[in-house]
Amino acid sequence: MSPTDATSLLIHLSTRDIAILESLRSYRLLTTAHIRRLHFAQGHASLAAASGAVMRVLTRLETRNLVARLARRIGGVRAGSSGVTWQLGATGERLLRTMHGEKQRRRYVEPSPAFAAHTLAVADLAIGLYELQDQAVIEVVRVDTEPSCWQSFVGPHGTFEWLKPDLYAVTASGDYEDHWFFEADLATEHPPVVVRKAKVYQRYAATGAHQGRHGLFPAVIWVVPDTARAAAIEAALSADTAIQPELFRVVTTEDFRQLIATGGGTSPDAEPTAPQQTTH
DNA sequence: CTTGTTGGGTACAAGCAAAC
DNA sequence: GTTTGCTTGTACCCAACAAG
């Protein structure tokens, strides 16, 4: 895409259009509902009105090849007609690449259902954070998606390693900042794989690199679909004597918001007070 | 003024799942 | 198996706005 193409395109795009494209760049895949929650949450008379608006905008962007819908429906999570999953279209990818001054083309091919489901689960966590911010429960200081949240480090035996969290976030409530690594678990991985990943977190924590930069090590949160899966992961972690249990927390998607709201992402020694009982 | 584009609101159909 | 409830997507209406 030449710069003139990009600018002629930009004239026809609102700041909200650009914001939608940027979201798709960050999260790779988003459902229509995700985009509504992110960009059509305010200023609409009803949920139905917002839903209509977001579909109109997305279909308009689709005709310009800025966004594209996945052929495969990712369903089963909610009742209702199966939703559309969106990703950047070829033109949208070129436009954002030009805007960000990048040379490397990112390919947006049809992902596998398993990859798509996981990607959407990660996006759901991040959007949940922003919604808590809208409700004035917390303040979102920072959200890093893949691959910018990846951390390289040198392990105990001099080996070069990558820590690849699904999401890194810093939130604030009151005077306290909470730092988080999130793993969106869909109960597709065997517990030993989870334990192995937990040990990567431990090796990264042992380098002290993150603590040196931020003064604390983030809480590592596995967000799982149900209590049975939570029990399975907790059992696998506690069964391994090499695991430091204080680094890790396992919550269901249902309890995710409560955990974020009450905090706990601070390192253990920075935890200011005992959790307070709050009623709603 | 006419026309086309964009986006908001509402009604309704389609589709799924839990409840009956 | 049927009903009920919920959610999503589409069709149609309207208003605001810009370009010609």
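Chain naming here is simple, since letters A, B, ... match the order of the sequence lines and numbering starts at 1 in each.
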Asker: Starting at CG of Leu61(A) and ending at C1' of dG7(B), how long is that distance when rounded to a whole Å?
Answerer: 12 Å
Asker: Can you figure out which of dT8(C), dG8(B), dG7(B) approaches the side chain of Asp17(A) most closely?
Answerer: dG7(B)
Asker: Round to a whole Å and report the spacing from CZ of Arg16(A) to C1' of dT6(B).
Answerer: 10 Å
Asker: Quickly work out the Arg60(A) CZ to dG4(B) C1' distance and round it to whole Å.
Answerer: 14 Å
Asker: Taking the six-membered ring for Trp, are His210(A) and Phe181(A) closer than 6.0 Å centroid to centroid?
Answerer: yes
Asker: Figure out the NE2/P separation between His39(A) and dG7(B), and round it to whole Å.
Answerer: 14 Å
Asker: Measure from CD1 on Ile20(A) to P on dT6(B) and round the result to the nearest Å.
Answerer: 14 Å
Asker: Does Arg36(A) have a side-chain nitrogen or oxygen under 4.0 Å from the phosphate oxygens OP1 or OP2 of dG8(B)?
Answerer: no
Asker: Atom CE of Met55(A) to atom P of dT6(B): distance rounded to whole Å?
Answerer: 16 Å
Asker: Hey, can you pull the donor-acceptor pairs under 3.5 Å for the side chains in residues 153-161 of chain A, sequence neighbours left out?
Answerer:
| residue | atom | partner | partner atom | Å |
| --- | --- | --- | --- | --- |
| Glu161(A) | OE1 | Arg203(A) | NE | 3.3 |
| Glu161(A) | OE1 | Arg203(A) | NH2 | 2.8 |
| Glu161(A) | OE2 | Arg203(A) | NE | 2.8 |

Asker: Is the phosphate of dT6(B), meaning OP1 or OP2, less than 4.0 Å from a side-chain N or O of Arg56(A)?
Answerer: no
Asker: In this structure, how many angstroms lie between the P atom of dG9(C) and the CD atom of Glu62(A), rounded?
Answerer: 12 Å
Asker: Strictly by modelled atom types, are His118(A) and Asp185(A) linked by a side-chain donor-acceptor pair under 3.5 Å?
Answerer: no
Asker: What residues, two or more places apart in sequence or in another chain, satisfy side chain to side chain donor-acceptor pair (under 3.5 Å) together with Trp150(A)?
Answerer: Glu146(A)
